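In what follows, a single structure is set out as structure tokens and then discussed.
Here is how names work: the chains are called A, B, and so on, in the same order as the sequence lines, proteins then strands, and each is numbered from 1. None of these values were measured; they are calculated from a predicted model. Side chains included, hydrogens not; waters and symmetry mates left out as well; all remaining heavy atoms used.
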There are 2 protein chains.
Amino acid sequence: MKDFLSAVKALSDENRMRIFCMLKQRPLCVCEIYAVLDIALSTLSQHLKLMKSAGLIDDEKDGRWVIYSLNRKNGLVTRMMDFLDRELGADERILRDRKKVSGLSRDICCSALQKGKKR
Amino acid sequence: MKDFLSAVKALSDENRMRIFCMLKQRPLCVCEIYAVLDIALSTLSQHLKLMKSAGLIDDEKDGRWVIYSLNRKNGLVTRMMDFLDRELGADERILRDRKKVSGLSRDICCSALQKGKKR
DNA sequence: AATATGTTTCGTTATTTTACGAAATATAGA
DNA sequence: TCTATATTTCGTAAAATAACGAAACATATT
């Protein structure tokens, strides 16, 4: 119950729900996620930390980047993802995010970080 | 997205999650739910109000009682219930609640309300 | 009408959550 | 080693949430 509840809680925030859906497309580094959401980097970091401790996502270092991805070792994650897909598959916000992620690469989104420019 | 999110939020609290599962068994009046959970009546009322405004549950008056039930007109409720069943079907807390609800009737749980006696 | 029972609302407090900017940390490259 | 880039941690402020008891409200019974 406790584990399940913290997973649900981790999805009960709009920004985190969006992150979760974005990560379904592909693993993303922090600055890519930052390029899509409209929150401060420190706030984003907090959200990622919470989602990780809830077992929803995983991180991995790649040079100076930290790559976040869905934690597919956790069966609950897969099942929740399927559920979300069905419920939010047609959601405009989610679709817009997905489009943004598609047109994104680490090269073009990073290095513009601190300047507040979102590409 | 907004509707879905508020439904998820409405389930992101342990007491509300328990209420939702209890209502799957059968419609319950407030004092029956109160007999199972360990919170004040006014707190319970707040939770029910929130769940209702999220579209998860419905209420109906029956004499001096208010009977709450799952809002099955909302497709999302059914789908969420199915999901919860699979995830929490074996949860001890949920099973204990279920047992308690089975051995409950409005007659024996009410009228002991204000005295703090839980039967 | 008066009383008892079941439920909600109100006012308040304590806790948790979300947010931010500044500073700290880590890595890569000059 | 110095600098730029990417990310996290820290301190803090603002907002939302969960909790309670007292009072109010509804309905049924006497």
Minimum heavy-atom distance between A:L23 and A:Y68, given as atom pair plus value: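 Smallest interatomic distance, heavy atoms only, reads CD2-O, 3.3 Å.
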Would you name the heavy atoms of B:R79 and A:F83 that are closest together and state the gap between them?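 Taking B:R79 first and A:F83 second, the nearest heavy atoms are O-CE1, 3.7 Å.
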Using whole Å, report how far [atom1] of [X] lies from [atom2] of [N].
X	N	atom1	atom2	answer
A:L41	D:dT8	CG	P	8 Å
A:K9	C:dT15	NZ	C1'	11 Å
A:L44	C:dT17	CG	P	18 Å
A:M51	C:dT18	CE	P	12 Å
A:Q46	D:dT9	CD	C1'	8 Å
A:D59	D:dT8	CG	P	7 Å
B:L28	C:dG6	CG	C1'	15 Å
B:N15	C:dT16	CG	P	14 Å

Between D:dA18, C:dT8, C:dT9, which one does the side chain of B:L50 approach most closely?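 My answer, after comparing the listed nucleotides, is D:dA18.
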When you measure from the side chain of B:V66, which nucleotide among D:dT9, C:dT8, D:dT8 comes out closest?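 Of the options given, the side chain of B:V66 lies nearest C:dT8.
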Can you pull the salt bridge (Lys or Arg N to Asp or Glu O under 4.0 Å) pairs that have at least one residue in residues 4-15 of chain A, sequence neighbours excluded?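 For residues 4-15 of chain A, and leaving out neighbouring residues, the salt bridge (Lys or Arg N to Asp or Glu O under 4.0 Å) pairs sorted by first residue read A:E14-A:R93.
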With a 4.5 Å cut-off on side-chain heavy atoms, are [Y] and [X] touching?
X	Y	answer
A:H47	A:I33	no
A:I19	A:L44	yes
B:M1	A:R18	yes

For A:K99, side-chain contact (heavy atoms from CB on, under 4.5 Å) partners two or more places apart: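 Per chain and number, A:K99 pairs via side-chain contact (heavy atoms from CB on, under 4.5 Å) with no residue.
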May I ask you to evaluate whether [X] reaches the phosphate of [N], defined as a side-chain N or O under 4.0 Å from OP1 or OP2?
X	N	result
A:H47	C:dA19	yes
B:Y68	C:dT8	yes
A:T43	C:dC20	yes

Footprint string (nucleotides 22-28 of chain D, 5' to 3'): B base within contact, S backbone only, - free, heavy atoms under 4.0 Å: B---SSS
Which residue, B:S45 or A:A40, contacts DNA chain C at a nucleotide closer to its 5' end, judged by nearest heavy atom?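 Mapping each residue to its closest nucleotide by heavy atoms, the 5'-most match is B:S45.
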